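Scroll down for the structure; my scribbles are underneath it.
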Amino acid sequence: MSELGEAPRTARSLDALFRPRGVAVVGASPDPGSPGHQILRFATQTHFPGAVYPVHPSAREVAGLRAYSSVLEVPGPVDLVVLAVPARVCVEVARQIAQRHDERGDAAAVVVVSGGFAETETPEGRALQEALLEPLRSRGIRVVGPNCMGVLDTHTGVTTTFDLGTYPEGGLSLITQSGAFAISFLQWARPLGMVGLAKLVSVGNMADVDLTELVRYLGADPHTRVIGVYMEGIRDARAFVLAAREVTPKKPVVVYKAGRTELGARAASSHTGSLAGRDEIYEGAFRQAGVLRAHRVSEFYDLVRVLEKLPLPSGNRVCVCSAIGGPGTICVDEVAASGVLQLAHLSEAVREALRRVLAPTATIGRPDGYLDMTGSIRAQTHGEVLRVVLEAPEVDAVLLLTTPPAFLDEEEVAEAILSAYRAQPEPRKPVLPVLTFGDTVARARRRLEAGGLPTFEFPDAAVQALAQVVRYARYRARRSS
Amino acid sequence: MPHPVIARALEQGRGFLLEPESYALCQAYGIPHAPFATCRTAEEAVAAADRMGYPVVLKVVSPHILHKSDVGGVVVGLRSGEEVAAAYLQLLEAVSRAAPQASVEGVLVQRMERGSAELVVGGLVDPQFGPVVMVGSGGVLVELLRDVSFRLAPLDLEEALQQLAETRAHRLLQGLRGNPPADIRAVGEMLVRVGELLLAEQDIQELDLNPVVAGPEGCVAVDARVILRTEGSAGQLPLA
């Protein structure tokens, strides 16, 4: 498929967004109830080493920082300018940014948080967006938005959002057409430490910087191990698929696609035309490009964090180790129904080793690949079982179901699991712990997550995530062979 | 340069290809189709059927008719010269009743093919994705089953086989209930060529091969429909 489109230009021009020497926030007012004020506060609360400059027409000082009356007045180098002022004012400021760029050579990137542009679907809104872009685009100044939350980079400490100041560092980068979608996920995952973030880009109207360019950029970003995309509609879907296809042999791209577009009327429709809903084409194109498509929001949440934490499995043979009967049965069902996973065929030597560590009441291998460890299991036994199973050459991945009862110390259980997981030689096999009962076992979950294992509340969700990961691992093996 | 049959259709302001023209296009891109002959009299039709062997099917050829069976323009399962001669007249009468303004250029005689599965193989140019190739369960149940899988063109054989494996029709091709397995590779090659055709012939909007009959000895298209991209209006719209 590589011969389909011309090679894109390199995305180095996006560096100014993530690694600016200084940031100017236009619209940083002294009023703590304004978004501009909040952006400025967040921008100064991180470890960003550069200067942050409030720009306000009259205030001398905002949030303890000296304010400047225009971007032209800001003394130090400013690579990134954030606009949080009404749309009409944005257009004026854009001209000043262009002037500054011409005179001083900085101001290479602009994040336009403000709305009131093309998203209004009015001629005025569209005209304002054009007027905003004209002086910037002609100079190669990159624009994120308008109508967006902009960027957050946990490594450099840059943040331009008013909803999320900072986040624990990690390997996930999110590109989103909805700031709320991405931030909901991050806030949901935060209390248990379920994921670490590298970069977040809320693209808004995509007047300049779009999903396609960002996928390619993040594909080359050393801090990004997984790319998550929330997509609504894009003009050139083929270009996006081609960019994703370049990235997926190196790192996973997970997409949640919302908004199923109606097909335009056709003069004369054959079968192919009537069967080709746009969504079916997305489905096929994503598979062709090795993109993992999440069909439910919860699946998106699960996939990105599993891929952020775990190594890829080298095969599809799963061992289900359960201390909780019913959820174990559910897992076995889901493995059978997945169409891609299979229960591991345990050798007699492995069974014998398991008999030595498990209680006599435990059942081993009924069905093959399934262990019912029973609720009487001790904390250390979790680790002993896991060591045996992970050493077995016939096992590629482990689903471990346990919910520490009150008589066991949650953190001891978690430590036993983690030390068995870490004792593996590289490349490690993935382990997905399922701890039912949500955050009543929060201590165990938090410890496991901090130790690098993604925890699940629901057994079926864990199996489905693993199945998608196995499909992706197969795609990658095929592409790299 | 567009293929001559496409150039001619566009010149005539026609928004689609006649069935024999569609086969000529298929031929040019190595897409196999069932043997056929276009006839102008019942005698010609009988002679053609005798030559290619029974059973045969008759189909009307008209620049005004796209959906032939809707106007009684298709008669299947003809097993002898007498049946062909009678069906020929019956077909022309049915068409002239249902679509009196349609001009009939002839009647296509085609050998009926047997195989393990009937597939739909198609392609279209999507405004956001460009050329796209489709395969799935074909025949009369195509719209009901909606068992289809898509890929962007171009695609290689390996990708085409992956695409095919995503359909339920794939099971049928592997040989269900004692049926011999079909030549799956041949279907994959057909998909690859449909992709090549769509990339090369930029005047095509949609291509529809339904059914494609697949069996142990390969696969052939037994019906073909090609819709062209025409400026503004759809050109000359078919009556049916």
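On a predicted model such as this, the values are computed, not experimentally measured, just so you know. Order of the sequence lines sets the chain letters (A, B, ...), proteins ahead of strands, with each chain counted from 1.
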Give the interface residues of residues 158-171 of chain B toward chain A, defined by a heavy-atom separation under 4.5 Å. Glu158(B), Glu159(B), Gln162(B), Glu166(B)
Hits for side chain to side chain donor-acceptor pair (under 3.5 Å) against Ser137(B), two or more places apart or cross-chain, chain-then-number order -> Asp147(B)
Provide the closest heavy-atom pair for Leu152(B) versus Gln288(A) in the form atom of the first, atom of the second, distance. N-OE1, 2.7 Å
Qualifying ring-ring contact (aromatic ring centres under 6.0 Å, His included) pairs, either residue in residues 113-136 of chain B, two or more places apart: Tyr282(A)-Phe129(B)
Which pairs pass ring-ring contact (aromatic ring centres under 6.0 Å, His included) with one or both residues in residues 181-212 of chain B, sequence neighbours excluded? none
Rounded distance (nearest 0.5 Å) linking atom CZ of Arg287(A) with atom OG of Ser149(B): 6.5 Å
So, does Arg238(A) use its side chain to make a donor-acceptor pair with the main chain of Gln128(B) at under 3.5 Å? no
Is it the case that over 12 heavy atoms from other parts of the model lie below 6.0 angstrom from the CZ atom of Arg185(B)? no
Surrounding CZ of Arg235(A) (heavy atoms of other residues, nucleotides or ligands, distance under 6.0 Å), is the total greater than 12? no
Below 4.5 Å, heavy atoms only, C-beta onward: do Glu280(A) and Met134(B) meet side chain to side chain? no
